[in-house]
Amino acid sequence: MLCCSMYCNAQTTTLQIKVLDQENQKPLVGASVMIKNIEKGVITDLDGIATFENIPKGQHLIAISFMGFEPIQSTIEIPYQKPLVFYLKKSDHELEEVMLKSTRSSRTIRRIPTRIEFIGGEELNEKNAMNATNISMVLRESTGIQMQQTSLSSGNTNIRIQGLDGRYTQLLRDGFPLYNGFSSGLSIMQIPPLDILQFEIIKGSSSTLYGGGAIAGLVNLVSKTPEEEPELDLMLTQTQALGTTGNVFYSSRNEKWGTTLYASSNYQKVYDPEDDDFSNLPQTYSVTINPKLFYYPSENTTLWVGLNGTYDDRKGGNINQIERNTNGIRLYTEENISKRISSQLVYETKIDSAQSFIIKNSISFFDRDLEIPDFSFQGQQWNTFTEATYVRQGKRSDWVLGGNLYTTSFDEDEQVIQRDQKDITTGVFANNIYDLSNAWILETGVRIDYANDWGFFPLPRFSLLYKTGPSFSSRIGGGLGYKIPDIFTEEAEFINFRNILPIDKNALKAERSYGLNFDVNYKTRLPHDIGFSINQLFYLTSIENSLLLNNLTATTFQFENATNTVISMGAETNIKFSYKDFRWFLNYAFIDTRLKYLPSNPQKPLTARHNGGSVIMYENQKWRIGYETYYTGSQLLSNGTKTTDFITMGLLAMHNFTWGSVFVNFENFTDRRQSRFSPLVFPPSDNPTFAEIYAPTDGFIFSAGIIYKPFGNHSDHH
């Protein structure tokens, strides 16, 4: 027996394999090392070493993989005399290379302490196919974000992040606040997505870099810029609900000049899936044009100027009145005619390899005419924004210093109640990102704003990042925020701004907030080469002096500050599995938003405490197929009534050719809509009342389309 044991030991050996990052020679912790022919697998330790016991002599096939790196295979002979060391190369599409604009830093996404969600590449292309008319689809399916429709007749929609009203979310275009105030209610429905390169979403207070309004967070839409290779995208989409959308995007560049041109047109016939003679989608005519000119006087300097124009006419209400314009019979309709034009100018120059200077300016004009049978609300708003920023990138420390001036002026057409409002806000800010060590990165910032008639607002913030290689990272952060009162709230939109008294700057206070968030991110390789990642977020936001719309008399409303706080807390979970050409995304959001100023601290109306989703994707060079399932839990209406929960499903199929793509999309194909649970409209027909909207109103929408790319950007897959 002793001789047999000695013979067996001579036939096996202990094997150690070290895995390093080819770029920086650092150990890769959590890499998967598999000896395929004997089906043994080990995960590398903190030194990047995988240890195998009792490996028989002979030839073995070694497979090594790690999330974000290109997998390798190699044949080895046991016994092996030299140390076994393998170097992995980062994947071309590794998320580490994603550059974000919202932070104003040149750091990649994994070296920024602020938690930022990124939507771009093929995921954004998929959402464009689902809804080529506006950006609502991109945001609706993001964890913890609710697209709250405020009007059945017009389709007005607001972005709710983590259970907070849309007015607490700052919507930016290339860092410009173009969609605030009077224009906010219709903005989501008037921004086509085809010329957007990426979405950057920051949840929680982001006021240090971007000023007031970003209490719940911000959404920055980053536009495409011209590349050396020209690009032309032509997109045509048709729905069974008789909606037609055409989009065109063109860009080109030479040594000194570049240009982009985007144009979009949408026609939607009035749509009534319930046959109750009331529209679920308004009749819409919409045109958008956005040309930009870029000038590159040197390698270190860029100057660009852009214009954005939108005309939008949407009419909803009684079908007979809209289609046949019945004379002598008074039937309810709501028509919104809006015109938007804005200019953007950006000058950016690199002083040297570490320093740069940026000047930005925008001027925006928005005109809206809202008409219902016995009331109209008309007005114009001018916004201006000017900012100067100095950026310094060091080996361990990055600085952003700047100041800006923001003005807004709303002028209402002649009415019994005049609600004109003018505000001027000046601010200075400083932000620093500092590498405490290889594992710890600290971000601190402070802004001081002064708003005429409202006073000073000091806004500090901090974020701390801890990371151990590519596998694990964790962030904690917090900050203060504020919001200047105006009349453009969801409650005011719901009643068409009727009989609402103006903002009383002597009686009201600005809303103030503080927020905290903590998240953990982990990714690894499971057996059988399955990729796995999970991100867990916890958050808390508290708002003081929340702006409420209360009854002054039976027919008159006025704004008041809440006597206690609004507290929003919760958690978001995002899980991803990947295997070859398949991806499976799972998400869950728990949202607990409490109105502390009311007895018993009730849950905020129209806010589901539980939301979940599942997306299964198959993608190769020719096909992209996605199947989505989303769950929305029960909600409370303003009167305390509890709504039913519901599930929606969608299916997208896209086939890629050398010249472009064709696609079909079955959105909400189980036809879940609110009218199946409760009425949307209550009589009389000439002056109806409307239910609060908590579920889809349009139901199943089938669409088909074609994307033609005669040159440039052919079938890029990420």
- With side-chain hydrogen bond (donor to acceptor under 3.5 Å, both in side chains) as the test, would you mind laying out the steps for T573 and Q536 before giving the verdict? CA-CA 5 Å; T573 305; Q536 181 63 56; 2.6 Å; yes

- Message: Does Q22 have more than 12 heavy atoms from other residues, nucleotides or ligands lying within 6.0 Å of its CD?
- Response: yes

- Item | Euclidean distance, E23 CD relative to F69 CZ, rounded to 0.5 Å | 8.0 Å

- Item | Greater than 12 external heavy atoms within 6.0 Å of E299's CD | no

- Query: Can you name the closest pair of heavy atoms from R160 and G166 and give their distance?
  - Reply: CG-N, 4.1 Å

- What closest approach, in Å, do Y87 and I72 show between heavy atoms, and which atom pair accounts for it? O-CD1, 4.2 Å

- Item | Flag for N535-R115: side-chain donor and acceptor within less than 3.5 Å | yes

- Query: Distance only, no hydrogens: is a donor on one side chain within 3.5 Å (strictly under) of an acceptor on the other, for N158 and D165?
  - Reply: no

- Ignoring hydrogens and angles, state whether a donor on the side chain of N574 or T143 is under 3.5 Å from an acceptor on the partner side chain. yes

- Query: Given the rule in the side-chain contact (heavy atoms from CB on, under 4.5 Å) test, do F199 and L124 qualify, once you have shown the distances and angles that lead to the verdict?
  - Reply: CA-CA 8 Å; F199 281 66; L124 185 53; 3.6 Å; yes

- Query: Do the side-chain N and O atoms of D449 and Y482 include a donor-acceptor pair separated by under 3.5 angstrom?
  - Reply: yes

- Rounded distance [0.5 Å steps], CD in Q198 versus CZ in F118: 4.0 Å

- Indicate whether any N or O donor in one side chain lies under 3.5 Å from an N or O acceptor in the other, for E572 and Y588. no

- Query: Could you state the interatomic distance from NZ (K203) to OG1 (T541), rounded to the nearest 0.5 Å?
  - Reply: 11.5 Å

- Item | Flag side-chain contact, heavy atom, 4.5 Å: M569 against Q162 | no

- Does NZ belonging to K40 count more than 12 external heavy atoms closer than 6.0 Å? yes

- Query: Just checking, is any N or O donor in the side chain of E544 or S542 under 3.5 Å from an acceptor N or O on the other one?
  - Reply: no

- Please name the pair of heavy atoms, one in S568 and one in L164, separated by the smallest distance, quoted to 0.1 Å. CB-CD2, 3.9 Å

- For side-chain contact (heavy atoms from CB on, under 4.5 Å), just list the numbers for M147 and M137, CA-CA rounded to whole Å, side-chain angles, deciding distance to a tenth of an Å, and then say yes or no. CA-CA 9 Å; M147 303 306 296; M137 186 65 68; over 6 Å; no

- Message: Any non-hydrogen side-chain atom of I64 less than 4.5 Å from a side-chain atom of I17?
- Response: yes

- Message: Let me confirm one number: the OH-CD1 distance from Y539 to I161, rounded to the nearest 0.5 Å.
- Response: 10.5 Å

- Message: Return the OG1 to CG distance between T225 and D174, rounded to the nearest 0.5 Å.
- Response: 9.5 Å

- Report, as yes or no, whether the 6.0 Å neighbourhood of atom CG on N438 holds more than 12 heavy atoms from other residues, nucleotides or ligands. no

- Query: Do T444 and R461 have side-chain atoms, one donor and one acceptor, less than 3.5 Å apart?
  - Reply: no

- Shortest non-hydrogen pair, T44 vs L28, comes out as OG1-O, 2.7 Å

- Message: Set out, in order, the CA-CA distance, both residues' side-chain angles and the distance that settles side-chain contact (heavy atoms from CB on, under 4.5 Å) for Q603 and R594, then state yes or no.
- Response: CA-CA 5 Å; Q603 175 84 355; R594 297 288 176 173; 4.0 Å; yes

- Message: Other residues, nucleotides and ligands only: do more than 12 of their heavy atoms fall within 6.0 Å of CG on L540?
- Response: yes

- Only one of I112, I476, I433, I441 clears side chain to side chain contact (heavy atoms under 4.5 Å, CB included) with L465; which? I441

- Task: Measure centre to centre between the rings of Y579 and H528, then say whether the value is under 6.0 Å.
- Result: no

- Determine whether the side chains of T114 and E443 contain a donor N or O and an acceptor N or O closer than 3.5 Å. yes

- Message: Can you confirm whether M34 sits close enough to I62 that some side-chain heavy atom of one is under 4.5 Å from a side-chain heavy atom of the other?
- Response: no

- Note on the structure: Taking every heavy atom of T169 against every heavy atom of A216, the minimum-distance pair comes out as OG1-CB, 4.0 Å

- Task: Take R583 and E619, measure what salt bridge (charged side-chain N to carboxylate O under 4.0 Å, His left out) needs, and give me the verdict at the end.
- Result: CA-CA 8 Å; R583 305 285 185 272; E619 179 187 5; over 6 Å; no

- Query: How far does OH of Y522 sit from OG of S473, to the nearest 0.5 angstrom?
  - Reply: 12.0 Å

- So D592 and R609, salt bridge (charged side-chain N to carboxylate O under 4.0 Å, His left out) or not? Walk me through it. CA-CA 6 Å; D592 187 21; R609 287 167 61 87; 2.8 Å; yes

- Those residues at least two apart in sequence (or on a different chain) that pass side-chain hydrogen bond (donor to acceptor under 3.5 Å, both in side chains) with W440 are none

- Task: Tell me, please, which residues at least two apart from E53 pass side-chain hydrogen bond (donor to acceptor under 3.5 Å, both in side chains).
- Result: T14

- Query: Which class fits the ring pair F176 and W304: parallel under 30°, tilted 30 to 60°, perpendicular over 60°?
  - Reply: perpendicular

- Message: Looking at Y514, I'd like to know if its OH atom is crowded, meaning that more than 12 non-hydrogen atoms belonging to other residues, nucleotides or ligands lie closer than 6.0 Å.
- Response: no

- Task: Begin from the C-alpha positions of S223 and R173 and carry the test side-chain contact (heavy atoms from CB on, under 4.5 Å) through to its verdict.
- Result: CA-CA 8 Å; S223 303; R173 183 68 177 249; 2.9 Å; yes

- Task: Might you work through the salt bridge (charged side-chain N to carboxylate O under 4.0 Å, His left out) test for R111 and D398, ending with a clear yes or no?
- Result: CA-CA 11 Å; R111 296 186 61 242; D398 298 346; 5.9 Å; no

- Query: Which atoms form the tightest heavy-atom contact between G478 and L516, and what is the distance?
  - Reply: CA-CD2, 4.0 Å

- Distance-only polar pair, side chains of S32 and D529, donor-acceptor under 3.5 Å: no

- Item | Derivation of the salt bridge (charged side-chain N to carboxylate O under 4.0 Å, His left out) call for K57 and E77 | CA-CA 7 Å; K57 290 183 178 181; E77 183 81 25; over 6 Å; no

